[in-house]
There are 2 protein chains.
Amino acid sequence: MGYRIKSRIWIESENNVLLGEGRVHLLKAIQETGSLSKAAKSLNISYKKAWQLLDSVNKSAKKPVTINSIGGKGGGGAELTEYGKSLVQVFDEINKNCWKFLDNELKKIERI
Amino acid sequence: MGYRIKSRIWIESENNVLLGEGRVHLLKAIQETGSLSKAAKSLNISYKKAWQLLDSVNKSAKKPVTINSIGGKGGGGAELTEYGKSLVQVFDEINKNCWKFLDNELKKIERI
DNA sequence: AATCGTTATATTTGTTTGGATATAACGAAA
DNA sequence: TTTCGTTATATCCAAACAAATATAACGATT
C-alpha cells in the first residue's frame, strides 16, 4: 500500500530512440507554435537541446517527421508532416493504454 | 515496420524510486552471491553505486528488503528478507506482463 | 589478540551532460 | 538591398554524474 507503478515507453528504430515522452512533447509544441525555437521556449528547454532532439527524431525515422524552413516570412519555421502527426497520435494511444494496463496491475502490489 | 516499442517500469514509494530494473538485478545478485560486494562485481558496477542503490531501496521500502551484516564469518554479507523476495517476484511478474501487453500494441505501429 | 572480507563512508578525479553565447546562412517582405 | 526571426552549428563553461581510491568499523574464527 502506498506504492505506485510508473512507466516510460519509447519507440526505437535500429537501436536509436525515435520517440519518447520528451520528443513527443517537443513535436506537439512545434505543432502548436510553428517553430522550433518557440517550441523550445514553451517547454523551457534550450534551443540546442530542442534541435538535437528533433534532429535525432528525423534521423531515426523512416520518413520525415517535420519540415524545417530557413528564411522567408517570419524567418522560417518548422511543421509536422502527416507522418509526424500520425506517429504522435499512435504514441499517445499506446501510452494511454499502457497506463490503463498498469493501473490494473497495481492491485498486485497493494497487498504487499 | 522496423520500429520497436521499449518500456521501463518502476515502483515508487512517496516519490522515491523503490524498485526498477537495475535495483531488481542487484537484489537478485545479492540473493545469488550472499554479499553486496560480490553482487556489484557480478554486475560490473562499482561497490559505491551498488551500495547507494541498495540503501535507497531499503530507505524507501515500508519494511526491510535486505539484512546486511558487518564482520563475522566471511566478513559479513547481505541477504534478502522474505519481503524483499516477494517484491522482486511481483516486479518480475508485472514487468513480464507489460512486455506481453506492448508486444501486442506493437501492431499499431507496424502499419506506419 | 590478530586476521579476514565485508559493510559503510568520505574524498578525489574524470567524464559526460547541458546551458550560455556567438555567428553564419537563409529568403520573404518592406 | 536592408531588415527580420528563424534554422543550423561551433565553442566555451558549469554542473551533474560516475569511477577510483582510501579508510574506519565490525565480529566470527583462528
Side-chain angles (χ1 to χ4, degrees), chain A residues 8 10 12 15-18 20-61 63-81 83-85, chain B residues 8 10 15-17 20-61 63-81 83-85:
Chain A
R8 280 280 164 107
W10 65 96
E12 285 190 4
N15 289 338
N16 298 319
V17 175
L18 166 64
E21 212 164 279
R23 288 164 157 90
V24 164
H25 282 154
L26 180 62
L27 293 182
K28 286 178 178 172
I30 289 173
Q31 200 168 12
E32 286 163 10
T33 62
S35 101
L36 179 55
S37 64
K38 282 177 191 153
K41 277 174 196 152
S42 83
L43 295 179
N44 272 329
I45 62 177
S46 65
Y47 176 82
K48 179 190 171 185
K49 183 167 186 180
W51 183 85
Q52 284 175 335
L53 280 174
L54 182 59
D55 186 55
S56 143
V57 167
N58 276 315
K59 275 181 178 155
S60 48
K63 301 190 339 193
V65 173
T66 64
I67 293 179
N68 313 325
S69 58
I70 309 177
K73 179 177 182 179
E79 57 180 0
L80 295 205
T81 61
Y83 184 66
K85 289 176 191 170
Chain B
R8 280 281 163 109
W10 65 96
N15 289 338
N16 298 317
V17 174
E21 213 164 278
R23 286 164 159 89
V24 164
H25 281 155
L26 180 62
L27 292 183
K28 285 177 178 172
I30 289 173
Q31 200 168 14
E32 286 164 9
T33 62
S35 100
L36 180 56
S37 65
K38 283 178 190 151
K41 275 173 196 154
S42 83
L43 295 179
N44 273 328
I45 62 176
S46 65
Y47 175 82
K48 179 189 170 188
K49 183 166 185 181
W51 183 85
Q52 285 174 333
L53 280 174
L54 183 59
D55 186 54
S56 143
V57 167
N58 276 315
K59 275 182 179 154
S60 48
K63 301 190 339 192
V65 173
T66 65
I67 292 179
N68 313 325
S69 58
I70 309 177
K73 181 178 181 179
E79 56 180 1
L80 295 204
T81 61
Y83 183 66
K85 289 178 191 168

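Atoms considered below: every heavy atom in the structure, side chains included; atoms not considered: hydrogens, waters and symmetry mates. To find a chain, count down the sequence lines: A is the first, B the second, and so on, and within it residues start at 1.
Atom-to-atom, CG of B/Leu43 to C1' of D/dA19 comes out at 16 Å; the value is rounded to the nearest Å. Atom pair B/Glu79:CD and C/dT6:P shows a separation of 15 Å (rounding to whole Å applied). At whole-Å resolution of the value, NZ in B/Lys73 and C1' in C/dG5 are 13 Å apart. D/dT21 atom P lies 13 Å from atom NZ of B/Lys48, rounded to whole Å. Atom-to-atom, OH of A/Tyr47 to P of D/dT6 comes out at 10 Å; the value is rounded to the nearest Å. Separating the CD1 atom of B/Ile67 from the P atom of C/dA8 is a distance of 12 Å, rounded to the nearest angstrom. A straight line from CD of A/Gln52 to P of D/dA10 spans 11 Å, rounded to a whole angstrom. In this structure, the CH2 atom of B/Trp51 is 7 Å from the C1' atom of C/dT9, given to the nearest Å.
With values rounded to the nearest 0.5 angstrom, A/Trp10 atom CH2 is found 6.5 Å from A/Glu12 atom CD.
Residue-level contact check: B/Lys38 touches the backbone only, with heavy atoms under 4.0 Å from sugar-phosphate atoms and none from bases.
Side-chain atoms of B/Asn58 come within 3.5 Å of backbone atoms of B/Thr66 as a donor-acceptor pair (strictly under, hydrogens ignored). With hydrogens and angles disregarded, no donor-acceptor distance shorter than 3.5 Å links the side chain of B/Thr33 to the backbone of B/Lys38.
Map A/Gly74 and B/Gly74 each onto its nearest nucleotide of DNA chain C; the residue landing nearer the 5' end is B/Gly74. Ranked by how close their nearest DNA chain D nucleotide is to the 5' end, B/Gly75 and A/Leu54 are led by A/Leu54.
B/Ser46 approaches B/Ala40 most closely through the heavy-atom pair O-CB, 4.0 Å.
In this structure, B/Ser37 reaches the C/dT7 phosphate: one of its side-chain N or O atoms is under 4.0 Å from OP1 or OP2. In this model, the phosphate group of D/dA8 is approached by a side-chain N or O of A/Asn68 to a distance below 4.0 Å at OP1 or OP2.
Among C/dG19, C/dT7, C/dC26, the nucleotide with an atom closest to any side-chain atom of A/Ile70 is C/dC26.
Using a 3.5 Å distance cut-off with no hydrogens or angles, the side chains of A/Asn16 and A/Ser56 do not pair a donor with an acceptor.
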